[in-house]
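A short worksheet on the structure shown next.
Worth saying up front: this structure is predicted, and the values here are computed from it rather than measured. Counting convention: from 1, in listed order, for ligands and their atoms alike.
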Amino acid sequence: MPVDGIAPSPKKRLYLFDIDGTLITSGGAGETSYREAVGEFLGTLAPLEGLNFAGNTDTGLARGVLLAAGKEPTREAIMGLHDTYLAILADRIHRHQGNLLPGIIPLLDCLKERPDAVLALLTGNLAAGAELKLTHYGVWHYFAFGAFADDHHERNQLGPVAASRAFEEHGEDFTPDRIYVIGDTPRDIECGKAFGAFTVAVATGKYSREELSSHHPDFLFDDFSDADAVLAAIAPLQD
Ligand SMILES: [Mg+2]
């Protein structure tokens, strides 16, 4: 303790949450809206064949779909597809039966109360799509900023974007050893490892605990229903 008796405030940690399969399931609203948008925008669903949605970014999907349709993935074409998707999602998000995943609210509440925790998003969703989904499920307000598909079409490029936004917001340099990337797919794990952050995998999406384990995340949970256990692992109290 310093001589003036004031303990230094603990160094902040940055928690970067994925959305689909991690915070919520949209009951298929996201994927169905994307498929419908492709059909509406391109007049065919053929370019969707073999595309893996899980952990991909919306801009990555748009590029893949346009290329598969034999079209240049120009900025205009990508934005056109995105606008179509967002209009459909704004309607479908209310019509599909999705839900918050187990333990999310208690976990977010506990982290939000901690002076050493910063909550943000790292997601393959477009920012506008993320806002639609998380507002509908009542958790958008927990996150002050994020890195989105608008920032880059490769998920692995989004970690440094999130870290630099955190610096802008908090005036603090978050080194990778104080950043946690939290998600439900191997792509989330890969994305965290790509910039040296801790990786936290949760088997509430399409991947089993065993599948996620084979990608060697630093932490692995069946779900987040035991908030105390999750916090003890990823947010241990600091001196
Ligand atoms: Mg996900």
- Message: Please give me the protein atoms (N, O or S only) lying under 2.8 Å from the Mg ion (ligand 1), ordered by chain and number.
- Response: D18 OD2, D20 O, D184 OD1
- Between D116 and K12, does at least one N-O distance fall below 4.0 Å, as a salt bridge requires? no
- Query: Is any NZ, NE, NH1 or NH2 atom of the basic residue among K206 and E31 found under 4.0 Å from an Asp or Glu carboxylate oxygen of the other?
  - Reply: yes
- Task: Would you indicate whether the side-chain heavy atoms of V65 and L48 approach each other to under 4.5 Å?
- Result: yes
- With sequence neighbours excluded, residues passing side chain to side chain contact (heavy atoms under 4.5 Å, CB included) with V161: A147, D151, R165
- Task: Return yes when atom NZ of K11 has more than 12 non-hydrogen atoms of other residues, nucleotides or ligands closer than 6.0 Å, and no otherwise.
- Result: no
- Side-chain donor-acceptor contact under 3.5 Å, T123 with D18: no
